[in-house]
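First the structure, in the form of structure tokens, and then the observations on it.
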Amino acid sequence: MKVLVTGGLGFIGSHTVVELQNKGFEVVIIDDCSNSDESVLEGIEAITGKKPLFEKLDLKERQKVEDFFARHQDVEGVIHFAASKAVGESVEKPLLYYENNIGTLVYILKELCKKNKASFIFSSSCTVYGQADKMPITEDAPVKVAESPYGNTKQMGEEIIADTCKVTPYLNAIALRYFNPMGAHPSGEIGELPKGVPQNLVPFITQTGIGLRKELSVFGDDYPTPDGTCIRDYIYVVDLAKAHVVALERLLNGNNESNYEVFNVGTGKGSSVLEAIKSFEKVSGKKLNYKIVDRRPGDITTAYADTTKANEVLGWKAEYTLEEAMNYAWIWEQKIRD
Ligand code: UD1
């Protein structure tokens with residue numbers, strides 16, 4: 001069974017390709033390498049013994065997308081990761097985000113609507129909830145007005161898929177709302193490869209630990225949380241990758257209850273920035289250089305998932321702890337700086 005993974009050379013994409021290949025799926029990757037590297041293919045091959053098919057292609061080029069689907073008519077499922085994801089950049093360059101994240105989604109859905117059966121998994125985000133009123137966050141929590149064009153593309157993306165599914169009974173889709181992915185593959189062959197200065201907490205921690213950055217800035221310690229720093233639900237990337245495989249199988253096996261479903265993908269446990277730092281210090285045996293600075297605009301105080309729906313309906317559960325995930329993130333950081 002052939003599955004297209006867009007953005008399959010990226011952080012979550014590459015880990016998902018590994019899990020798909022481990023389950024016997026034939027994978028074809030589309031990636032434009034704008035935030036990834038072709039060498040990731042070798043990492044995937046080292047883990048699974050198989051190099052996935054790969055086409056370097058910019059999904060904004062509509063004709064090329066059409067040609068791709070004409071050449072790969074046997075694609076039965078699509079997992080769509082390819083997107084831009086830097087919140088700050090999206091404020092600076094909104095049209096880039098709308099074109100990259102919305103335009104390409106429309107092109108892919110148009111191709112899937114030409115088929116008489118297709119399964120589609122969408123990378124969504126807990127950002128759609130904004131600062132939710134209740135913790136843990138359930139899937140029926142209201143979607144809040146987006147704080148950034150990036151967040152807006154995830155909300156709009158979900159709506160576009162829902163609207164399309166309503167009139168396309170042969171299209172089955174699941175949106176996975178990720179909390180905070182982190183870590184790297186236990187083999188040390190693939191992991192996160194942020195280009196430039198990392199925006200996310202965990203790669204910034206490990207880069208500081210290895211000496212690439214002087215110190216970590218902790219954005220605010222005056223939040224209404226036990227230690228004053230923000231709380232997030234850090235999910236191990238391999239757990240997250242497995243959620244995609246389970247979701248895809250649900251659609252391919254026709255086990256879905258409706259042709260558009262939404263699931264939170266998190267651990268259900270919230271950890272503060274200081275707890276994440278402590279966990280790094282424990283697994284690395286190093287003291288992390290950090291200082292408290294002002295809050296980062298747009299940050300919410302607390303977000304962690306209610307995972308009941310994913311646990312019971314998808315039959316998926318996160319297995320790794322923050323510390324285990326941090327350990328793999330650290331092993332990876334040391335390996336790539338060797
Ligand atoms: C946010 C979005 C997420 C989106 C991601 C894209 C929410 C709830 N989450 O994640 O959907 O996919 O951006 O990048 O809107 N921190 C520091 N110092 C740093 C970096 C981060 O203290 O140098 C803190 C942040 O203030 C935050 C936590 O670490 O409290 C996690 O930050 P980050 O990794 O950037 O993820 P989110 O902002 O939660």
Side-chain angles (χ1 to χ4, degrees), residues 3-31 33 35-54 79-83 85 121 123 176 178-195 198 200-207 209-210 212 232-249 265-267 271 276 279-280 282-284 316-338:
V3 178
L4 164 63
V5 180
T6 74
L9 297 183
F11 176 42
I12 310 170
S14 57
H15 288 81
T16 302
V17 170
V18 164
E19 296 306 318
L20 286 166
Q21 293 199 157
N22 283 344
K23 280 265 185 148
F25 287 99
E26 186 186 358
V27 176
V28 53
I29 292 174
I30 290 180
D31 204 300
C33 298
N35 196 27
S36 59
D37 199 288
E38 245 181 276
S39 63
V40 171
L41 288 169
E42 282 143 38
I44 295 171
E45 187 180 16
I47 300 167
T48 62
K50 195 175 170 204
K51 206 173 211 161
L53 298 172
F54 168 59
I79 306 185
H80 182 42
F81 293 103
K85 60 163 191 175
I121 309 291
S123 293
L176 297 178
Y178 313 154
F179 282 69
N180 289 61
M182 65 169 288
H185 197 268
S187 63
E189 296 289 350
I190 54 172
E192 199 164 1
L193 281 172
K195 285 199 174 157
N200 296 111
L201 179 65
V202 175
F204 208 106
I205 288 180
T206 55
Q207 288 196 7
I210 205 93
L212 211 62
R232 297 288 185 272
D233 184 339
Y234 294 96
I235 165 127
Y236 181 43
V237 65
V238 174
D239 277 332
L240 176 56
K242 286 178 180 163
H244 290 80
V245 180
V246 172
L248 182 67
E249 285 174 336
V265 190
T267 66
S271 305
S279 131
F280 171 79
K282 190 163 170 206
V283 301
S284 67
W316 167 92
K317 200 173 187 320
E319 287 169 6
Y320 290 80
T321 61
L322 169 64
E323 205 168 290
E324 288 166 322
M326 190 65 84
N327 183 42
Y328 290 129
W330 179 231
I331 291 172
W332 169 248
E333 186 68 64
Q334 294 172 94
K335 181 178 168 191
I336 54 176
R337 305 298 164 200
D338 245 3

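Side chains included, hydrogens not; waters and symmetry mates left out as well; all remaining heavy atoms used.
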Practice task
List the steps, then state whether side chain to side chain contact (heavy atoms under 4.5 Å, CB included) holds for Arg337 with Gln207.
Solution key: CA-CA 9 Å; Arg337 305 298 164 200; Gln207 288 196 7; 3.3 Å; yes
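- Legend: salt bridge (charged side-chain N to carboxylate O under 4.0 Å, His left out) pairs involving residues 6-31, not counting sequence neighbours, sorted by first then second residue: Lys23-Glu249.
- The ring-ring contact (aromatic ring centres under 6.0 Å, His included) check on Tyr320 picks up Tyr236, with sequence neighbours excluded.
- Residues Ser123 and Lys85 are not in side-chain contact: their nearest non-hydrogen atoms beyond the backbone lie 4.5 Å or more apart.
- Side-chain atoms of Arg232 and Leu201, non-hydrogen and from C-beta on, never get closer than 4.5 Å to each other.
- Distance alone, capped at 3.5 Å, places no donor-acceptor pair between the Asn200 side chain and the Val202 backbone.
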Practice task
Would you sort out whether Thr16 and Ile121 count as a side chain to side chain contact (heavy atoms under 4.5 Å, CB included), showing the intermediate values?
Solution key: CA-CA 12 Å; Thr16 302; Ile121 309 291; over 6 Å; no
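- Put simply, the side chain of Val17 does not reach to within 4.5 Å of the side chain of Ile190, judged on heavy atoms.
- Side-chain contact check for Leu9 versus Phe54: some heavy-atom pair is nearer than 4.5 Å.
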Exercise for the section: Output, in order, the C-alpha distance, side-chain angles, deciding distance and verdict of side chain to side chain contact (heavy atoms under 4.5 Å, CB included) for Val5 and Val3. Expected result: CA-CA 6 Å; Val5 180; Val3 178; 4.3 Å; yes
Practice task
Under the side chain to side chain contact (heavy atoms under 4.5 Å, CB included) rule, what do Met182 and Leu322 come out as? Steps first, then yes or no, please.
Solution key: CA-CA 9 Å; Met182 65 169 288; Leu322 169 64; 3.4 Å; yes
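- Side-chain atoms of Trp316 come within 3.5 Å of backbone atoms of Asp239 as a donor-acceptor pair (strictly under, hydrogens ignored).
- Not counting sequence neighbours, the partners of His15 by the ring-ring contact (aromatic ring centres under 6.0 Å, His included) test are Phe11.
- Heavy atoms of other residues, nucleotides or ligands lying less than 6.0 angstrom from NZ of Lys282 number 12 at most.
- With hydrogens and angles disregarded, a donor-acceptor distance shorter than 3.5 Å links the side chain of Trp332 to the backbone of Glu192.
- With sequence neighbours left out, the salt bridge (Lys or Arg N to Asp or Glu O under 4.0 Å) criterion links Glu324 to no other residue.
- For Trp330, the ring-ring contact (aromatic ring centres under 6.0 Å, His included) partners at least two apart in sequence or on another chain are Phe280.
- In this structure, Phe25 has no ring-ring contact (aromatic ring centres under 6.0 Å, His included) partners at least two apart in sequence or on a different chain.
- Residues Val27 and Ile44 are not in side-chain contact: their nearest non-hydrogen atoms beyond the backbone lie 4.5 Å or more apart.
- Distance alone, capped at 3.5 Å, places no donor-acceptor pair between the Ser14 side chain and the Gly8 backbone.
- Here CD1 of Ile79 is found 9.0 Å from CG of Leu4. Values are rounded to the nearest 0.5 Å.
- Inspection of the Thr267 and Tyr234 side chains reveals no N or O donor paired with an N or O acceptor under 3.5 Å.
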